[in-house]
Each structure stands twice: as structure tokens, then as C-alpha cells.
Amino acid sequence: MKEEKVFKDPVHKYIYVQDNTIWDLINTREFQRLRRIRQLGTSYLTFHGAEHSRFSHSLGVYEITRKIISQFERNQYEDWPKEERLICLCAALLHDLGHGPFSHSIEKAFGTRHEDWSCKIVLGDTEVNKVLSRVSPDFPKKVAGVICKSYNEEIVVSLVSSQLDADRMDYLLRDAYFTGVNYGTFDLERILRVIRPYRGHIVVKESGMHAVEDYLMSRYQMYWQVYFHPVTRSAEILLHKIFARAKHLYEDNYTFGFMTDPILHLIQNKISLEDYLLLDESVMQAMLTFWMSEKDPILADMCKRFLDRKLYKYSTFDESNQRVIQLMEKVMAEVGLDPIYYMEIDFPSNQSYDVYRPGETEDNLPILLLDHKETLTEITHRSEIVQSISGFQMGKHHVYYPEELLERLNASAYPELWEMLGEQE
């Protein structure tokens with residue numbers, strides 16, 4: 001570019017754009033849509049500051065990737081394929097392009113994957129595709145390959161999607177900043193100094209192990225304190241049940257008082273790319289507002305609960321005690337609440353975020369330490385701290401239900417149930 005472009009950013013201070021392709025991608029219709037998609041879905045109902053967008057996060061991932069590549073090039077590491085620079089930067093910028101409103105909540109409700117939509121946008125008849133195609137005819141396919149993890153250069157994919165990637169590093173710092181917690185902070189600059197390209201892998205210089213421990217501990221804390229927060233989960237459950245109810249009504253030939261084509265096609269499981277690009281959180285919020293006036297009492301009630309933040313309460317329970325759950329279903333039927341929509345059993349492992357679990361799947365490439373003898377060792381074999389938190393399940397089973405269930409519950413008739421619900425957190 002003739003003149004470097006700069007974004008002021010609360011996390012990285014400045015984000016630098018030095019390539020025309022990156023600047024043109026930022027200004028596409030599809031990338032600008034990310035301004036209207038919250039980064040943390042329904043977490044704003046738990047942490048009021050969590051209003052940041054996928055747009056700002058995507059810029060942050062690009063910036064971290066740019067810094068990593070600049071460090072590789074400055075140090076002239078032979079194992080870094082310099083010709084992959086622009087592919088990697090574009091994939092970092094566009095990796096979340098396919099996220100829909102409320103992020104992971106809508107994915108679970110309709111069985112979609114944002115990675116698939118990201119690739120469809122990159123490869124489809126879009127402004128993004130036109131910008132990428134100006135680099136070369138096969139460039140969009142290469143970028144999509146990195147996003148969908150099918151690209152033949154592991155080292156390129158790893159920078160964008162791995163256990164120590166630019167995506168996780170940005171969202172931990174950014175989410176911590178906007179939720180107002182300290183859990184997600186770690187020494188990013190130190191990590192950027194100690195990662196290396198080595199024999200097709202991204203590895204960490206052994207002397208930098210403690211910085212990575214700090215990063216993994218931050219990730220662990222954010223996992224339990226923010227991403228798995230039970231109030232956020234309550235909002236996600238309510239949203240999921242709203243969509244499930246709408247889908248049931250559609251299949252039952254219900255006539256909606258208000259409906260838009262993109263959401264109708266989403267419910268019908270035949271949404272087009274153009275429809276999908278019209279979906280953002282303003283559209284979805286408007287839909288929920290209109291649905292508060294629907295004739296169906298369950299749909300109307302759940303939409304009102306969500307918009308007014310009258311979320312379901314939760315209580316911990318022993319998953320082996322199925323009798324309590326059966327009693328809850330019985331009581332709900334007695335007070336006129338359908339347990340399909342007004343009750344949910346949940347465990348954190350059902351969530352979209354994870355702690356460090358090396359080698360469980362092909363997506364979980366382990367974090368490798370490189371010592372002075374050029375020997376690679378997976379980090380849990382050197383770090384007792386990482387070993388102690390890797391894959392550790394400390395989650396509790398929660399049962400979610402409307403607050404009025406407690407008000408209507410006959411404590412003397414159901415003492416076992418009353419005891420459990422009375423211990424709500």
C-alpha cells in the first residue's frame with residue numbers, strides 16, 4: 001500500500017494494515033457484517049460490557065498473525081514458507097466470516113457450522129471472493145482450505161487454528177478486557193518471541209514454557225469463569241428453545257404473525273448464502289421482539305423472557321439421581337409448564353470452548369517445546385501445571401427451570417425436589 005492504514009484497538013493498541021488485499025477485504029460487505037455479530041453471543045446478559053463484535057476480534061487475530069509472521073521473517077527462519085504470508089493473513093482475517101447471530105447458539109439450534117459458512121462466503125459469489133480472486137484464480141480456494149483445515153501446509157493452518165493460535169490468543173485477551181475480568185490476561189509479547197517454525201510445525205522455545213503455562217492457565221480460568229458461566233448458559237438454552245419452538249410450530253403448519261424469509265429458510269433448512277448474509281443480531285432481535293406478540297403462548301413467553309432477561313434459574317444436581325428429574329417433569333405438568341421448553345439438563349462438556357487436551361482429535365495439535373538439542377516434547381511432559389489442568393473436568397450438572405416453578409412447588413408434597421431447588425446458586 002502507498003500508505004499504511006492503522007486501526008486503534010483497546011487490546012493491541014494499534015492494528016496495522018500494509019496490504020491492499022487486506023484493506024479491500026475489510027471493506028467488503030461480508031466482513032462489515034461482522035460489526036453486527038457479537039463476539040460472545042449471549043454473554044452480554046451476564047457481563048454487561050461484553051458487547052464487542054466479531055469484527056474487532058477478526059482484526060485482532062489478523063494483527064497477532066501479522067506480528068508472528070513479521071517475527072519469523074525478521075529472524076529469517078528457513079522453516080517458514082514466505083510465499084504463504086498473504087494466504088495466512090487473509091485466513092486469519094476471514095476465519096470467523098461465517099458466524100451467525102448469537103454465534104454458537106444458533107449453530108446448535110440449526111446444526112450449522114460457522115467454518116462451513118466462512119468457506120462458502122470465501123468461495124461464493126461475494127465481494128470477498130472477488131477481492132481474493134484478484135490475487136490469483138485459485139487464491140480463494142487456498143484461503144478456504146486454511147479456514148476449513150484442509151490446506152496442505154500444517155504450519156499455516158496452525159497459526160490460525162491450533163492449541164496455540166492467533167484466534168485463541170486474541171479472544172482470551174479481548175474477552176477478558178470486555179467482560180472486565182483478569183483471568184484471560186497473559187504475556188502475549190513474550191509468547192510471540194518464543195514461538196518458532198520448525199520442520200512444518202509451530203513450536204515453542206523451551207525457555208518460553210512459563211509464558212505458555214500462563215496462557216493455558218488463563219484459558220482454563222476463562223473457560224470456567226466466563227465461557228461456561230451458568231447464567232450465560234441459561235440465556236443460550238432459552239434462545240435454543242425459542243428456535244426449537246419456532247421450528248416445531250412451522251412443521252405443525254402454524255401461521256406466524258411475523259416472519260422474514262432468511263429466518264424461514266433457516267427453519268426450513270434450505271437457507272441460501274444470500275439469505276445467510278442478511279442474518280445478523282439486529283434482525284434476530286427484531287424477530288424476537290415481534291414474536292413476543294405471537295398467538296402461540298410458549299413462543300411468546302420465551303421471547304419475552306429472553307428480551308427482558310427473565311432467564312431460567314439453575315440448580316446443581318447429582319446426575320445419577322434421575323428420580324428428581326422425573327419429579328420435576330411431573331410438577332411442571334401439574335403447573336402447566338411443558339418440560340420440553342421449560343427445563344434443561346446441562347453439563348459444560350456440551351459447550352463450544354475447550355481446555356487444553358493434547359492429541360484427542362486432529363484439531364488439537366499438541367503444543368511442542370523445542371530444546372537446545374532440537375528435541376520436541378509435548379508440553380504436559382515438562383510442565384506439571386499444564387498436566388494438572390489438561391482435560392480436567394470440574395464441571396457440575398445443572399438443571400434449568402423457570403423461577404415460578406419454585407413459587408408453585410408444594411414443598412411438603414415434594415420435599416426431595418424442594419431441597420434440591422432450594423440450594424440454587
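Model, not experiment: these values are computed from the prediction. Just so you know, residue 1 is the first one in the sequence shown, and it goes up from there.
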I'd like a table of donor-acceptor pairs (distance under 3.5 Å, sequence neighbours excluded) in which one partner is a side-chain atom from residues 378-387, with atom names and distances.
residue	atom	partner	partner atom	Å
Glu378	OE1	Thr380	N	3.3
Glu378	OE1	Thr380	OG1	2.1
Glu378	OE2	Tyr356	OH	2.6
Glu378	OE2	Thr380	N	3.2
Glu378	OE2	Thr380	OG1	3.4
Arg382	NH1	Glu206	OE2	2.0
Arg382	NH2	Thr377	OG1	3.4
Ser383	OG	Glu213	OE2	2.5
Ser383	OG	Ile385	N	3.4
Ser383	OG	Val386	N	3.1

Contacts of Ser293 meeting side chain to side chain contact (heavy atoms under 4.5 Å, CB included) (sequence neighbours excluded), chain-then-number -> none
Verify ring-ring contact (aromatic ring centres under 6.0 Å, His included) between Phe47 and His229, making sure each step is shown before the conclusion. CA-CA 10 Å; Phe47 302 94; His229 197 290; 5.6 Å; yes
Residues pairing under disulfide (SG to SG under 2.5 Å) where one sits in residues 282-318, two or more places apart or in two chains, turn out to be none
Show every donor-acceptor pair shorter than 3.5 Å between a side-chain atom in residues 119-126 and any protein atom, with sequence neighbours excluded, or say none if there are none.
residue	atom	partner	partner atom	Å
Asp125	OD1	Lys130	NZ	2.9
Thr126	OG1	Ile121	O	2.7
Thr126	OG1	Asn129	N	3.1

Residues at least two apart in sequence or cross-chain that pass side chain to side chain contact (heavy atoms under 4.5 Å, CB included) with Phe290, listed by chain then number, are Phe258
In short, side chain to side chain donor-acceptor pair (under 3.5 Å) pairs touching residues 250-261 with sequence neighbours left out are Tyr250-Gln268, Tyr254-Glu294
- Task: Verify the distance criterion only: is there a donor paired with an acceptor across the side chains of Arg323 and Gln326 at less than 3.5 Å?
- Result: no
> Hey, are Tyr342 and Asp301 close enough side-chain-wise for a donor-acceptor pair under 3.5 Å?
Replying inline: yes
Applied to residues 84-97, the salt bridge (charged side-chain N to carboxylate O under 4.0 Å, His left out) test, sequence neighbours excluded, yields Asp19-Arg85, Arg54-Asp96
Asp175 and His52: side chain to side chain donor-acceptor pair (under 3.5 Å), yes or no, with the steps? CA-CA 8 Å; Asp175 295 348; His52 55 304; 2.8 Å; yes
Would a distance-only check, ignoring hydrogens and angles, find a side-chain to backbone donor-acceptor pair under 3.5 Å from Arg305 to Pro402?
no
inquiry  = Under a 3.5 Å distance rule, please check whether Asp308 uses its side chain to pair with a backbone N or O of Lys310 as donor and acceptor.
reply    = no
Residues passing the side-chain hydrogen bond (donor to acceptor under 3.5 Å, both in side chains) test with Arg66, sequence neighbours excluded, are Glu63
*asked:* If you apply the rule ring-ring contact (aromatic ring centres under 6.0 Å, His included), what do you find for Tyr223 with Phe228, and how did you get there?
replied: CA-CA 6 Å; Tyr223 177 80; Phe228 280 16; 4.1 Å; yes
Hey, does the side chain of Tyr400 reach the backbone of Pro230 with a donor-acceptor pair shorter than 3.5 angstrom?
yes
Sorted by chain and number, sequence neighbours left out, side-chain hydrogen bond (donor to acceptor under 3.5 Å, both in side chains) with Ser53 holds for none
### Task
Indicate, with yes or no, if the rings of Tyr62 and Phe7 have centres closer together than 6.0 Å.
no
Could you check whether any side-chain N or O of Thr46 sits under 3.5 Å from a backbone N or O of Thr232, counting only pairs where one atom can act as donor and the other as acceptor?
yes
### Query
Any chance the side chains of Asp275 and Ser272 put a donor and an acceptor closer than 3.5 Å?
yes
Run the ring-centre check on Tyr401 versus Tyr312 and record whether the distance is less than 6.0 Å. no
**Study point:** Polar side chain donor-acceptor pair, Ser43 to Tyr227, under 3.5 angstrom
**Key:** no
Under 3.5 Å, side chain of Ser315 to main-chain N/O of Val399, donor-acceptor pair present? no
Residue pairs meeting side chain to side chain donor-acceptor pair (under 3.5 Å), one or both in residues 327-340, sequence neighbours left out, come to Glu334-Tyr414
Q) Less than 4.5 Å apart, any side-chain heavy atom of Gln163 and any of Arg219? A) yes
> How about Phe256 and Trp291: are their ring centres within less than 6.0 Å of each other?
Replying inline: yes
So CG of Leu59 and CD1 of Ile26: to nearest 0.5 Å the spacing works out to 5.0 Å
With sequence neighbours left out, the residues meeting side chain to side chain contact (heavy atoms under 4.5 Å, CB included) with Thr65 are Val61, Ile69, Cys88, Leu89, Ala92, Ala166
d(Ile271 CD1, Leu264 CG) to nearest 0.5 Å is 9.5 Å
Are the aromatic rings of His57 and His95 close, with centres under 6.0 Å apart?
-> yes
By side chain to side chain contact (heavy atoms under 4.5 Å, CB included), Thr289 pairs with (sequence neighbours left out) Met292, Leu307
Q. Hey, does the side chain of Ser161 reach the backbone of Ser158 with a donor-acceptor pair shorter than 3.5 angstrom?
A. no
